[in-house]
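Only one structure is covered here, and it is reproduced in the block below.
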Amino acid sequence: MNKDSKFTLIVVGFVIFFISFIGMVIYGYKTFAISSPVKKSETAFRYHFALVAEENENDYWQLIKKGAEQAAKDNRIQLEYVAPKKADNDELNKLLDRMIATKMDGIIVQGTEGQRFKDLVHKSVERDIPIVTIDTDMEESERKAYVGTNNVEAGKLLGKALLENTTGEQYVAIITGRKEAINQRQRIQGFKEIVQHHPRVYILATRESHITKNGATMATYKLLKQYPQINALIGTSALDGPGMVEGMHEVAPFKDTFILAFDTLLETIQLIKEDKINATVAQYPEQMGKNAVEAMMKLQKKDLLVNRLYTKTKIITKKDLLSEKDVHP
Ligand code: BGC
């Protein structure tokens with residue numbers, strides 16, 4: 001082989017080697033390179049939270065949702081709202097389980113009674129998905145925090161409102177949302193603590209409204225038929241007030257009955273203005289939604305030192321409605 005051919009061979013060899021090397025680098029990079037995981041801060045949303053409510057279209061839960069959505073928007077959080085069509089603990093637990101399976105960064109949920117709920121909270125926390133209970137606490141679970149009304153204290157407010165705004169003997173019937181809801185039982189407990197041994201108060205019966213206005217109307221109707229001496233009606237959930245007014249209108253329109261409601265939905269406020277409801281206990285559901293999202297954000301980093309985050313409660317009567325800001329802050 002002469003010198004020229006040797007040189008050509010070396011050049012050709014080098015070119016082949018060079019092309020193969022480049023090819024190997026490109027192919028190898030594509031095949032073996034491990035793409036670095038997308039950091040949450042680089043995506044549009046920082047976290048993905050779920051809010052599991054008691055009942056989908058209930059006006060009270062819509063206010064919680066509104067507050068939570070606003071806080072989520074302000075903090076670049078994606079919020080998923082799910083709820084049973086009609087209040088039902090089994091349905092709620094199923095939704096909670098589904099949210100755990102979808103690997104949320106945190107779940108805000110109404111606390112419900114029973115082992116199933118506690119087991120689900122345990123499962124969630126084991127998977128590093130913190131749980132915050134809202135509106136109703138479930139203290140015996142491993143939830144990381146509770147945001148909402150102190151329900152026993154709120155029940156005491158009902159008791160005080162009855163004593164402060166009535167004179168003479170009170171024959172009382174209680175209309176409650178659902179007996180299996182912890183917050184409803186706590187409100188009744190608080191109410192009874194204040195009035196049970198009071199010499200002019202007699203509690204005659206307690207009936208459920210199933211957290212609907214219609215349910216409260218029916219319950220009132222039946223109660224008044226059974227106990228015509230009733231002269232005070234106490235409601236412990238948001239639609240009970242308007243339902244009790246409707247029920248009284250049907251069964252004894254001219255009877256002077258003291259009506260004490262819960263919450264400040266627009267219809268309740270209107271009925272206070274019209275002197276058809278004497279007083280109501282205000283809760284602040286929008287604030288609950290906001291506070292719950294903010295607590296959940298903190299929980300992404302570490303546990304909270306104070307984990308019972310109570311929102312305000314307050315008795316509202318007609319004279320308070322002159323300054324509306326107190327009702328809907
Ligand atoms: C309660 C909620 C309930 C709602 C029903 C509120 O007073 O806090 O637990 O779902 O009433 O309308």
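Numbering of ligands and ligand atoms starts at 1, following listing order. Just so it is clear, the values below take in all heavy atoms, side chains as well, and ignore hydrogens, waters and symmetry mates.
For the pair Arg116/Leu92, no side-chain contact is recorded, criterion being any heavy-atom separation below 4.5 Å from C-beta on.
Note on Lys94 versus Glu91: salt bridge recorded, some NZ/NE/NH1/NH2 to OD/OE distance being below 4.0 Å. Salt-bridge check for Glu55 with Lys85: failed, with every basic side-chain N at 4.0 Å or more from each acidic carboxylate O.
Listed by chain and residue number, the protein contacts of ligand 1 are Glu54, Asn58, Tyr60, Trp61, Gln110, Asp135, Asn183, Arg187, Ile211, Ser237, Ala238, Phe262, Asp263, Gln283 (heavy atom within 4.0 angstrom).
A ring-ring contact (aromatic ring centres under 6.0 Å, His included) check over residues 162-193, counting only residues at least two apart or in different chains, returns the pairs Tyr171-Tyr202.
Counting heavy atoms of neighbouring residues, nucleotides and ligands inside a 6.0 Å radius, atom OH of Tyr81 exceeds 12 of them. Applying the 6.0 Å contact sphere to CD of Gln229 captures more than 12 heavy atoms from other residues, nucleotides or ligands.
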